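Working notes for the structure below.
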Amino acid sequence: MTDQTSRESKPVQTSQLRCIGCGVVCEKAEQNFRCTSCGDLLEIVYPGWNTTRPDATALRALWRQRRTSGLPVDESGVWRFRELLPSFHDWQQIITLREGHTPLYEMPACARIAGLQQLYAKHQGMNPTGSFKDTGMTVAASVARREGFRWVACASTGNTSASMAAYAARGGMRSLVLIPEGKVSWGKLSQALDYGAVTCQVKTDFDGCMRVLNEVVQRMPVYLLNSVNPYRLEGQKTAAVELMEQFDWQTPDHIIVPGGNLGNSSALGKAFLEMKQLGFISALPRVSVIQAAGANPLVRTILENGGKKLISVQAETAASAIRIGNPASWKKAVGVLQATGGTVEQVSEVEIAMAKAEIGADGVGCEPASAVTLAGLKKLVKQGFVKVGESVVLILTGHLLKDPEFTLKFHRGDLFVGTESEKEADILRPQQRAPIVLEASVDAVVQTLNAAEERPET
Ligand code: F0G
């Protein structure tokens, strides 16, 4: 890429950091990305949009055209939409693994199971490190490097750390990972190690890791890459923009998102609101958030006090990615639920396991945390919140191979042995396909094939 092609002929737009609580605007964020006046989170706003609105028709065409370009900034499925992101003077400064460009799948079997005519899944697990985190990381890691940081850091349930470690390595920065000891899947942990992160298994949970890291970044010149960093959310917005492009800018009725630290639901909601404001879409989808019943702070916050004050919980779920009791972005997520007319729902461990197998059986697959979407959707259809003829998109956040241990235990029937869900887990039997050990004989294989032929498909 030459200098000429990597520089935009005119600045795209300027962005500002604004507090979501008191509205104060600041030039540069503190190390903890919190407002110095009131301590609330910051968000990124684009004041120029109030005077010169981007031309939606021209941009749709430009974004489509960029798909044929060979420039890294155009090949990225995030930076392709850079008119809606903080701008860089020199696009060679960005760190990209060609993230985004994730598929939108029709899910016919899952639709039948949920009682819908049509169901889609936007699979963010098809990103370079296997989760949606890459779309935000390309933006925030690029900002870290532009600001001259040598070290970046995050607390994580696994996916953020895998993504951060990869982008730091690509950008020539060092990375520090704090993960809860024994509560992160091997797939995710091994990624952080391979990408060269200093990986600390801390003897606490995710919320404890976050508390420690917030102190560390006050003391050391380390750039925080958790989703309190608003640049992360700007990148994650682009999944919604890409989704609308895939739907030819016709808004689906519902978007269903898993909720952990609540950055992703906040980012997707922000994108839909901005697209509506700018005239890219004429209607908003309802954005609903599903949590594991054992890690349900947002559900409780909405149901018990209408979203006014966070109710933290001691989180426990086998969907380890969303084992979070004190979500940082809860206020942003409440704003999205209210602005889009979405709702919250919680699902049991057995419901998560069942939904994950059903998504797998549609030939798509995902990690447990992503499967809460289908489990929650089934309940929302039963309640009548989602209607039979409406269009629904599940946001699948992580790849099936992120947590193979969960999948193997499920199919071997071990997942709930010795837990209080053991009895309830009987309903999972028809979904289980344990591997079959055979002698090396043709007859044995043929007999197995015949037996499988007689077994009804579930
Ligand atoms: N799904 C997956 C696969 C995740 O890894 C996460 C969060 C979520 C859903 C929830 O998204 O936090 O934006 O509400 N994982 C973080 C991590 C916390 O450290 O990897 P959220």
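Atoms within each ligand, like the ligands themselves, are counted from 1 in listed order. This is a predicted model, so every value here is computed, not measured.
- Nearest to atom 7 (C) of ligand 1 by heavy-atom distance, out of Lys133, Glu367, Gln236, Lys188, is Lys133.
- Of the protein's non-hydrogen atoms, Asn261 N, 2.7 Å is the one closest to atom 12 (O) of ligand 1.
- Taking the six-membered ring where tryptophan is involved, the planes of Trp63 and Phe81 are perpendicular, since the angle between them exceeds 60° and thus also 30°.
- In terms of polar-atom proximity, Thr160 is counted as a contact of ligand 1, with an N or O under 3.5 Å from an N or O of the ligand.
- Among protein heavy atoms, atom 8 (C) of ligand 1 sits closest to Ile322 CG2, 3.6 Å.
- Counting non-hydrogen atoms of neighbouring residues, nucleotides and ligands closer than 6.0 angstrom, the CZ atom of Arg170 reaches no more than 12 such neighbours.
- The shortest N/O to N/O separation between Ala155 and ligand 1 does not fall below 3.5 Å.
- A salt bridge links Lys122 and Glu242; the closest N-O separation between the charged side-chain nitrogens and carboxylate oxygens is under 4.0 Å.
- In this structure, Asp253 does not pair ionically with Arg286, as no charged nitrogen and carboxylate oxygen lie closer than 4.0 Å.
- Ring orientation note: the planes of Trp91 and Phe88 are tilted relative to one another, at an angle of 30° to 60°.
- Residues Asn159 and Glu367 bring a donor and an acceptor atom of their side chains to less than 3.5 Å of each other.
- Atom numbering of ligand 1 starts at 1 in the shown order; those under 4.0 Å from a heavy atom of Ser156 are 17 (C), 19 (O), 20 (O).
- Residue Gly263 has at least one heavy-atom neighbour below 4.0 Å for each of these atoms of ligand 1: 13 (O), 14 (O), 21 (P).
- Side-chain atoms of Ser185 and Asp403 include no donor-acceptor pair closer than 3.5 Å.
- Between Gly260 and ligand 1, a contact under 3.5 Å exists for at least one N or O pair.
- Counting heavy atoms closer than 4.0 Å to ligand 1, residue Ala321 contributes atoms from both its backbone and its side chain.
- Exactly one of Arg66, Arg98, Glu99, Arg82 qualifies for a side-chain hydrogen bond (donor to acceptor under 3.5 Å, both in side chains) with Ser76. That residue is Glu99.
- The protein heavy atom nearest to atom 5 (O) of ligand 1 is Asn159 ND2, 2.8 Å.
- If you run side chain to side chain contact (heavy atoms under 4.5 Å, CB included) between Thr340 and each of Val336, Leu337, Thr343, only Val336 comes through.
- The protein atom (non-hydrogen) at minimum distance from atom 1 (N) of ligand 1 is Thr397 OG1, 2.6 Å.
- Of the heavy atoms in Ile324, only side-chain atoms (C-beta onward) come closer than 4.0 Å to ligand 1.
- Of the polar atoms of Gly398, none of the N or O atoms is found under 3.5 Å from an N or O of ligand 1, judged by distance alone.
- For atom 13 (O) of ligand 1, the nearest non-hydrogen atom of the protein is Asn264 N, 2.8 Å.
- In this structure, the ring of Trp151 has its center no less than 6.0 angstrom from the ring center of Tyr223.
- Looking only at protein heavy atoms, the nearest one to atom 11 (O) of ligand 1 is Phe132 CZ, 3.5 Å.
- Considering both main-chain and side-chain atoms, Ser161 never comes within under 3.5 Å of ligand 1 through any nitrogen or oxygen pair.
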